[in-house]
Amino acid sequence: MRKQLSMQISDAESRVMEFLWQHHPATAAQVHEALGPVHDWREATVKTLLNRLLGKGAVEVEQDCRRYLYRPAIDRDDWVIEETAGLVDRMFGGRLAPLVAHFSQHRELSPADIEELRRLIREFDDEY
């Protein structure tokens, strides 16, 4: 069973989380070195984002001599599931079919996407 996260993570915070899911533990300086130039963030901005995530319970920190090491406190898959469910609930009344219909009407589904959807539906049908 997956854990209910019930926290809002901003776009900027999610970029920090993505880095930490791939590279943990990490110092604020390491996060800044990787993300600062890409997003035009100062080190103080990165520290603010890390502190917000710490306050939300999304990251954990431990002191290692004179530096702090940050690591994710939540699982990426759990976060993606919750974010996706929230989007589907808000935009499509909790139903997936209208979401897929929206993308297909606006021609945002590639032939590979359509084939993948067909494969998923076949697998779902086989299970039930």
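Below, each value reflects all heavy atoms present in this structure, side chains not excepted, and no hydrogens, waters or symmetry copies.
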| said: Among residues at least two apart in sequence or on other chains, which ones pass salt bridge (Lys or Arg N to Asp or Glu O under 4.0 Å) with E116? | reply: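 Salt bridge (Lys or Arg N to Asp or Glu O under 4.0 Å) list for E116, sorted by chain: R119.
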| Would you say W21 and V16 are hydrophobically clustered, going by side-chain heavy atoms of ILVMFWY under 4.5 Å? | yes
| query | Side-chain heavy atoms under 4.5 angstrom apart, residues restricted to Ile, Leu, Val, Met, Phe, Trp, Tyr: same cluster for V61 and L69? | reply |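 No: no chain of side-chain contacts under 4.5 Å links V61 to L69.
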Please give me the minimum heavy-atom distance between [X] and [Y], naming the atom from each residue.
| X | Y | result |
| --- | --- | --- |
| G57 | I74 | O-CG2, 4.1 Å |
| K56 | Q8 | NZ-O, 2.6 Å |
| M17 | A58 | CE-O, 3.5 Å |

| field | Contacts of type ring pair (Phe, Tyr, Trp, His ring centres under 6.0 Å), residue H23, not counting sequence neighbours | value | F19
| said: In the structure I gave you, are the side-chain heavy atoms of S110 and D113 within less than 4.5 Å of one another anywhere? | reply: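 S110 reaches D113 side chain to side chain.
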| field | Side-chain touch Y70/V31, heavy atoms, less than 4.5 angstrom | value |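 SC-SC contact between Y70 and V31 ruled out.
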Taking only residues two or more places apart in sequence, or in another chain, which ones meet [X] in a side-chain hydrogen bond (donor to acceptor under 3.5 Å, both in side chains)?
| X | result |
| --- | --- |
| E115 | R122 |
| S14 | none |
| Q63 | none |

Scan the side chains in residues 36-55 for donor-acceptor partners under 3.5 Å anywhere in the protein, sequence neighbours excluded, and list what turns up.
| from | atom 1 | to | atom 2 | distance (Å) |
| --- | --- | --- | --- | --- |
| H39 | ND1 | R15 | NH1 | 3.4 |
| T48 | OG1 | A44 | O | 3.0 |
| N51 | ND2 | K47 | O | 3.2 |

| Separation of R76 CZ from L20 CG (nearest 0.5 Å) |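 Going from CG on L20 over to CZ on R76, the span is 12.5 Å.
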| request: Could you note down all residue pairs passing side chain to side chain donor-acceptor pair (under 3.5 Å) where residues 24-34 supplies at least one of them, sequence neighbours left out? | output: T27-Q30
Check residues 83-103 and write down every donor-acceptor pair under 3.5 Å in which the side-chain atom is one partner and the other belongs to a residue at least two apart or another chain.
| from | atom 1 | to | atom 2 | distance (Å) |
| --- | --- | --- | --- | --- |
| T84 | OG1 | V80 | O | 2.7 |
| R90 | NH1 | G86 | O | 3.2 |

| Heavy-atom neighbours of E62 CD exceed 12 at 6.0 Å |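 Result for CD/E62: enclosed.
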